[in-house]
There are 2 protein chains.
Amino acid sequence: MSGDVHAAVAARLQSADGRYTSARRRLVEVLAAAGQPLTVGDICRDSGLALSSVYRNLGVLEEAGIVHRLAGHDEFARFELAEELVGHHHHLACSSCGAMTDVRLPPDVEAELDRALSRLARKERFAIETHRLDVVGRCRTCASTGG
Amino acid sequence: MSGDVHAAVAARLQSADGRYTSARRRLVEVLAAAGQPLTVGDICRDSGLALSSVYRNLGVLEEAGIVHRLAGHDEFARFELAEELVGHHHHLACSSCGAMTDVRLPPDVEAELDRALSRLARKERFAIETHRLDVVGRCRTCASTGG
DNA sequence: CAACTTATCGAGAGTGAGTCTCATTCTGCA
DNA sequence: TGCAGAATGAGACTCACTCTCGATAAGTTG
Ligand SMILES: [Mn+2]
Ligand SMILES: [Mn+2]
Ligand SMILES: [Zn+2]
Ligand SMILES: [Zn+2]
């Protein structure tokens, strides 16, 4: 949506010798508009692109650090804009329908968690890159409908 | 391993009207001996069971709350004993080779995290069941060999 | 604008982790 | 020992995902 995101994407793609084609722009628009991880089915429907093009370009965008692939609780992979573009955050993951919603921790909690994980990684000689925190449970709709 | 685990497994299986057969016992033994999430390839090799039996019985054990299926950083699913049996913990996930290692947070950090997540879930009307925290990075071997 | 070069597109074939089928074997019980 | 129901495992099958390759679009040079 905002030109900031598109400019950042264009820059990242160029340094990875790729073009910011209309197909790739549409993928970024769809992901930005959703504001939460989407399945390939969602992305195909919203973008109107061919299945193979969706997969190929998601791969290109992931390679360039623009898109992030994550595994849900169902059989489908989900895609979202990378944290470098939308900021660090976590997810509410519904164990019933598989939906994922973006959520952010209070900065002080996030900071203490980072410190604890750094200590832990140093002790295990593990070169930490990031962390992923999913809150697993029933989403609002599934909890009320008992689905 | 310890009879505690086998007793608990037998009890859980019985209340889910399943038998604790030799194949299922071997799966539990393999998972307990590993002490970290294993791929189906690992489990087949270590147990000597047929592929279909491994998948079917892992499904039975998962249904009974004895085994937990989790998605790694690669294309392979991984299996471990459920937290009800081995206690709550998290994982160091290698983004290079996909290996996962068990790790535990200091109790005070874990407690504050729980409180923060509860507040967050209440605000979003999300019925929280548990949380999953993966530390992503390079494992000791991959970091040193540059793999 | 025409001719050329290079990257992208997309329909369709192919791959393989994971699931299902079913004839055989095992298990519990009388 | 005989029977009923459950478990086993080789192999067929599914389907999310990847790869192929001719068509097409986008730069580039003169
Ligand atoms: Mn997200
Ligand atoms: Mn574990
Ligand atoms: Zn839901
Ligand atoms: Zn590794």
Side-chain angles (χ1 to χ4, degrees), chain A residues 9-10 12-31 37-64 66-80 97-100, chain B residues 6 9-31 37-64 66-80 97-100:
Chain A
V9 169
R12 279 177 176 273
L13 262 181
Q14 237 161 4
S15 62
D17 65 30
R19 295 178 187 169
Y20 197 18
T21 65
S22 64
R24 289 167 191 173
R25 176 175 287 264
R26 194 166 307 169
L27 287 182
V28 170
E29 281 166 355
V30 166
L31 291 174
L38 296 180
T39 65
V40 169
D42 297 332
I43 297 171
C44 270
R45 181 171 26 72
D46 295 357
S47 69
L49 294 171
L51 183 70
S52 55
S53 294
V54 169
Y55 274 114
R56 173 166 27 75
N57 285 313
L58 284 176
V60 170
L61 294 173
E62 189 186 18
E63 201 79 19
I66 294 157
V67 156
H68 183 227
R69 178 192 307 237
L70 53 105
H73 279 72
D74 51 23
E75 66 206 284
F76 305 102
R78 289 169 193 257
F79 295 86
E80 65 178 356
C97 71
M100 304 198 79
Chain B
H6 284 304
V9 169
R12 278 177 177 271
L13 262 181
Q14 235 160 7
S15 63
D17 64 30
R19 296 179 187 168
Y20 198 19
T21 66
S22 64
R24 290 167 192 173
R25 176 175 287 262
R26 194 166 309 170
L27 287 181
V28 170
E29 281 166 355
V30 166
L31 291 174
L38 296 181
T39 66
V40 168
D42 296 332
I43 297 171
C44 270
R45 181 170 27 72
D46 294 358
S47 68
L49 294 171
L51 184 70
S52 55
S53 294
V54 169
Y55 276 115
R56 174 168 25 76
N57 284 315
L58 284 176
V60 170
L61 293 173
E62 189 185 19
E63 201 79 18
I66 294 156
V67 156
H68 183 227
R69 178 191 309 237
L70 53 105
H73 211 271
D74 51 22
E75 67 206 280
F76 304 102
R78 289 167 194 258
F79 296 84
E80 66 178 353
C97 71
M100 305 199 78

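Note on naming: letters A, B, ... go to the chains in the order of the sequence lines (proteins, then strands), and numbering restarts at 1 for each one. Predicted model, so just to flag it, every value in this text is computed and none were measured.
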For this session: Measure the distance from CG on L49(B) to C1' on dG9(D) and round it to the nearest whole Å.
Result: 10 Å
Exercise. Is any side-chain heavy atom of V67(A) closer than 4.5 Å to a side-chain heavy atom of V60(A)?
Worked result: no
Problem set entry | Separation of E29(B) CD from H6(B) NE2 (nearest 0.5 Å) | 4.5 Å
Problem set entry | R24(A) side chain near dT8(C) phosphate (N/O to OP1/OP2, under 4.0 Å) | yes
For this session: Measure from the side-chain N and O atoms of R25(B) to the backbone N and O of Y20(B), and report whether any donor-acceptor pair falls under 3.5 Å.
Result: no
For this session: Please confirm whether the backbone N or O of G72(A) pairs with a side-chain atom of R78(A), one donor and one acceptor, at under 3.5 Å?
Result: no
Exercise. Is there a side-chain polar atom (N or O) of S52(B) under 4.0 Å from OP1 or OP2 of dA10(D)?
Worked result: no
For this session: Would you mind reading off the distance between E75(A) atom CD and dG16(C) atom C1', rounded to a whole angstrom?
Result: 15 Å
For this session: Treat primed atoms plus P, OP1 and OP2 as sugar-phosphate and everything else as base, then score nucleotides 25-30 of chain C 5' to 3': B for base contact with protein heavy atoms under 4.0 Å, S for sugar-phosphate contact only, - for none.
Result: --S---
For this session: Write down the distance between CG (L58(A)) and C1' (dC9(C)), rounded to a whole number of angstrom.
Result: 15 Å
Exercise. Roughly how many Å is it from CD in Q14(A) to P in dA26(D), rounded to a whole number?
Worked result: 17 Å
Problem set entry | Heavy-atom pair of closest approach, residues R24(A) and L13(A) | CD-CD1, 4.3 Å
Exercise. Quick one: F76(A) CZ to dA17(C) P, roughly how many Å, whole number?
Worked result: 19 Å
Exercise. Could you give the OH-to-P distance, from Y20(A) to dG27(D), as a whole number of Å?
Worked result: 15 Å
For this session: Let me know the distance between CZ of R56(A) and C1' of dG14(C), rounded to the nearest Å.
Result: 17 Å
Exercise. When you check the phosphate oxygens OP1 and OP2 of dT8(C), does a side-chain N or O of N57(A) lie under 4.0 Å from one of them?
Worked result: no
Problem set entry | Length of the CZ-P vector between R25(B) and dT8(D), whole Å | 13 Å
For this session: Using a cut-off of strictly less than 4.0 Å, decide whether Y55(A) has a side-chain nitrogen or oxygen near OP1 or OP2 of dT18(D).
Result: no
Problem set entry | Partner of L27(B) by side-chain contact (heavy atoms from CB on, under 4.5 Å), out of T21(B), L38(B), V9(B), I43(B) | I43(B)
For this session: To the nearest 0.5 angstrom, please state how far the CG atom of L49(B) sits from the CG atom of N57(B).
Result: 7.5 Å
